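Notes to accompany the following structure.
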Amino acid sequence: MYRKLPKELTQMSLEQEVLDFWDRENIFIRSLEINSKFPRFNFFEGPPTANGKPGVHHVISRTIKDIVCRYKAMTGYYVERKGGWDSHGLPVEIGVEKQLGLSNKREILDYGVGNFNKHCKDSVFTYLKEWEFITRRIGFWLDLENAYITYQPYYIQSIWWIIAQFFNAGLVYKGHKVLPYCARCGTGLSDHAVALGYQDTEDPSIYVSMKLKSPLPGETEIPENTYFLVWTTTPWTLLSNLALAVHKDYEYLLVEINSRNLLIVKERADAVLGEGNYRILMEFKGLELKDLDYEPLFDFVESDKRSHYVLLADYVTTDDGTGIVHIAPAFGKEDYEVGKRCDLPMLQLVDEQGNISPEATPFAGKWFKDADPEIVKDLENRGLVFKVGTMVHSYPFCWRCESPLIQYARSGWYIRTTAFKDEMIRENDRIKWYPPQIGSGRFGEWLRNNVDWAISRERFWGTPLNIWICDDCGKTHAIESFAQLREMSIEPVPEDFNPHKPDVDYIKLKCPKCGGQMTRTPEVIDCWFDSGSMPFAQYGYPFGISEEEFMKKFPADFIAEGVDQTRGWFYTLLAISTFLKGVSSYKTCVSIELILDKNGRKMSKSKDNVADPFKVIERFGADPLRWYFLTTSQPWLPTRFDEDGVNETLRKFLDTLRNIYNFFALYADIDGFIPDGKVPNKLDNVMDRWLVSRFNTLIAQYREWMDDYQMTRAARGIQNFVIDELSNWYIRRNRRRYWGSGLYEDKLVAYKVLWQALITVCELMAPIAPITPELLWRELTKSGREKWGDSVHFRQIVKPNYNLVDEQLEMQMEYVIKLVELGRLARNIAKLNVRQPLSQLIGIVPEGTELSQALVDVVKEELNIKSILFSQNEKLIYKYSAQPNFKTLGNRYKSEMNHVKELIESMTSDEVCRGMENGDWSIMLDDHPESLAEEDLVIKVTPKTEFTVTSDKGITVAINTKITPELRAEGLARETVNRIQNTRKEAGLEVTERIELALVTMDEELRNSIEMHKKEIANETLATKLHIEPLENPLYMREWLLGQVKLQIMLNKIDS
RNA sequence: GGCCCAGUAGCUCAGUUGGUUAGAGCGCAUGCCUGAUAAGCAUGAGGUCGAUAGUUCGAUUCUAUCCUGGGCCA
């Protein structure tokens, strides 16, 4: 028995059944065992952090990963799928800070780092249940039991080893870097965090004069009363000013204004000084201003390095300001770079808490922002302010405490990634990116502008940086294993020590150089280093795994994550493995774009437009959601998410597929069809040949697309096949073949073909939406469990059999469908429904496109037409008439014109046609022939009265609408059959049940028609007895109206 | 400000060497079909293929510039 899957069985419960089956029967693990002999296809799971709930974007990236892994497993690969969890980092710490009510680093220290980290560790898996639930629920096969977790000691040991490799290669150094910094929180912010906090704000906008101390270009005397005009919105940085920058190519002016001489870039002079307010004295190229000295605004600190002179910098613009940029290397990324390049000293007159340093005596101890007005006032008193005002601009604030961020130079540990930048670029070129512009564009750009990686964080919950420094001689050493740590430790290290802060900080080492005591540097490692190390650390490399074993699992053939990982995981993976192994750790990378709401806006909590995947799955199911994501647009395009679309996928695609199955099950059950998995090589039925050809073509296309990661195309291909070709054409056209009784040859073949088509669809679908096809497939293969195996996911997807592909037939079928469409249109226009048979259809088609008899029969049946004729001769359906062209003939015939008109209009269709062939339309005007040419006539073409004509794309179809009494009788008989079938359905009869039937009508024509087609009617409706008198006590009775005519239908069941 | 992606029907999206009349689904209206159908078919309304210029016999497609939206960076 094939099980029926009625509508009452919801997608939800159907899926649950399959998921339980997978669990119960251990299907995932068994699929791995089955494939274990195959070559490996390596997949790396990018570890999510489970301290937040998974969202729809996680569902799509997990779906993509699952699809590729399943597809590879079903095409001859062993695909290990080790899960992983990220566990360290600031997001976790922030969560815990909130939970504990702590608001800065000081309070964490007071609370105790040990306790704090314990909370962090516990909170990492706050939403583990949700993650595990959704992973399982969407059918993502991932080995969660053996998942790596970045806080595990073996994982940390691996990271230490990697850091030690960098260190021993001389690529780890301590240095300065300017980064966005929140003085209140005492921490630098990642770029991502900065982007969260931009707000429009009002800041001072001041123009300051800085006095020139060198002769102008081409002169020898130091000019009096001459100043550089400089613009800034952060007056507090002026305390730490060390230089000015100009652009070498710009034109600069020396102007006189208010009896003072100012230098300013030409393009900004009007805007800043006011048009006509100034007099130009001299002009210079920026290049000429290089090295000029000026007087410092403040002289709090003396330096032995040269400072306070003019530099060149390309980032100087003329968009705002004066074209002369003030440089404070401690407070700007670009300033810092310039400072380093030009060997400027370092001056940082704001401390880590954001207060002005004691050296800047008049302002000392003030919060940097509060110092602004006083600094401006001080400069004004000294006559150095040219103009002061305010401006509104977008400025970053700390997204947690809302303090304004500053650019702040901090010292920290760096990895010199720039040392192997070229190798990374080379390796990037070998990665296959989807879409390709990520690799060449965003990621390539990022690599070309590579700067050294700041790997240290002055935080608490992370992998501790494994560098120890000698308290006496300053020697640094990177520990490369727990064994080495024990070896070098002064005190014994317990077996189960916790390699986190603060425990690890208490471990002191003996200095190998001077024998002194070494103390660990207090920082932790950037958590991106954790995840970027996963190809190695997930196996504890090099400790827990042999080199040979490891190289089998490295590199990944495929990874996929959100596009936001470009500068995150995608980069850290590449950087670490390029250094360690000289190659990228992934060969193919699919970058997945954002999920937007249905209006194309980014989903965000504040807009309340975030789709909850749990709810969507509960309403529609996981397969509809997966299928929807994939078919609605390419994964690497931003996708608009609309629940209605998920619903549509369910109704249109998955329900249709289920109905196809139900149709098959209904009849295959009746006939006891048992599949043997073979389709005859020679198929007599043209529809069978066509369907087999189509699904073999589909298999070929599907494999080609999937191999190229064109999953959207593959899914759309399947969908079109199922809905349009299998359901709406093949099955609709072939229904009758399954109706008769007994399992005769043609029917058996029909079952085999349909079964094979369904099996194929299930197999092709299985990687994309794995749940529903599993259920259908298992039902279809129920009779041969041993032979077919337990799960569709154990199967290898079939290869196309090109011998069964008949391209010509596929093209001809498209033609058939076109003809049918045109025929239906003609029927519509003529208001003749399909139940009314018609005598003739004439197709005017291009030469060489005639169809085989079998296909002609398809058209005949579909359109209910007795005969079909193909021809190139339009005269068969059109009649032609001519009218005079008064323009050419009027002048010629003048008063005879009326007569000529009559003669022309009386030409028969044949005469007009003959003229069209030989170009001569002679008329007899008063007994003498007059020769007319084409331009003398206007020829009209109209269908002959008995035809209704439609045409499209070079094909013309004409149906003969003349209905003979015989045709009418047949039509009435078919109407009658239709009403009987509806009656049967209403009466709740099974399709196989036989009946006794009575058809009662007062209308003579209808009665005659019934008499005439009694046999056919009885046959179609499984009536063993047919009366035209009423039954005595019918089981069911119903009166119908055929047009104006009443028909009474009565029926009884007959027990067999 | 720079780079990337997108812009095609009311909505979601197809549309590959440049070539008759630019397609599908959803939604709306009308008719048809239904012994698998929460289905299907047909018709109608709905398109300056973001704009302009160029290349070409011919551009939704190629080139340039611009506009709008999104993303990344500064």
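Below, read A as the first sequence line, B as the second, and so on, with proteins coming before strands; counting in each chain starts at 1. Being a predicted model, the structure only gives us computed values, none of them experimental. These numbers come from the heavy atoms of this one structure, side chains and all, not from hydrogens, waters or symmetry mates.
- When heavy atoms are screened at a 4.0 angstrom cut-off, A:R567 is found touching the sugar-phosphate backbone but no base atom.
- Looking at the side chain of A:R824, the nearest of the listed nucleotides B:A36, B:A38, B:C41 is B:C41.
- The stretch residues 710-730 of chain A participates, sequence neighbours left out, in these salt bridge (Lys or Arg N to Asp or Glu O under 4.0 Å) pairs: A:R694-A:E725.
- Comparing B:A36, B:A38, B:A14 by their closest approach to the side chain of A:Q634 singles out B:A14.
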Provide a list of protein-nucleic acid N or O atom pairs under 3.5 angstrom, restricted to nucleotides 3-5 of chain B.
none

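- For the pair A:L654 CG and B:A38 P, the computed distance is 14 Å after rounding to whole Å.
- Every ring-ring contact (aromatic ring centres under 6.0 Å, His included) that A:F663 has, sequence neighbours left out, goes to A:Y667, A:Y738.
- Taking every side-chain heavy atom of A:R732 into account, B:A36 is the closest of B:C73, B:A14, B:A36.
- For A:E648, the side-chain atoms get nearest to B:G25 when compared with the rest of B:G71, B:G25, B:U16.
- For A:M811, the side-chain contact (heavy atoms from CB on, under 4.5 Å) test picks out no residue, with sequence neighbours left out.
- Nearest nucleotide to the side chain of A:E593, out of B:G71, B:A36, B:C73: B:G71.
- Every residue meeting the ring-ring contact (aromatic ring centres under 6.0 Å, His included) condition with A:Y181, not counting sequence neighbours, appears here in chain and number order: A:Y408.
- Atom pair A:N728:CG and B:A24:C1' shows a separation of 14 Å (rounding to whole Å applied).
- Counting only Watson-Crick and G-U wobble pairs whose two distances sit under 3.5 Å, RNA chain B takes part in these stems of three or more pairs: B:1-7 with B:67-73, B:10-13 with B:23-26, B:28-32 with B:40-44, B:50-54 with B:62-66.
- Comparing atom distances between the A:R713 side chain and each of B:G15, B:U37, B:U12 picks out B:G15 as nearest.
- With sequence neighbours excluded, the residues forming a side-chain contact (heavy atoms from CB on, under 4.5 Å) with A:E648 are A:K652, listed by chain and number.
- For A:W569, the ring-ring contact (aromatic ring centres under 6.0 Å, His included) test picks out no residue, with sequence neighbours left out.
- Every residue was checked against the ring-ring contact (aromatic ring centres under 6.0 Å, His included) condition with A:Y661, not counting sequence neighbours, and none meets it.
- Between the side chain of A:S13 and the backbone N or O of A:L9, no donor-acceptor pair lies under 3.5 Å.
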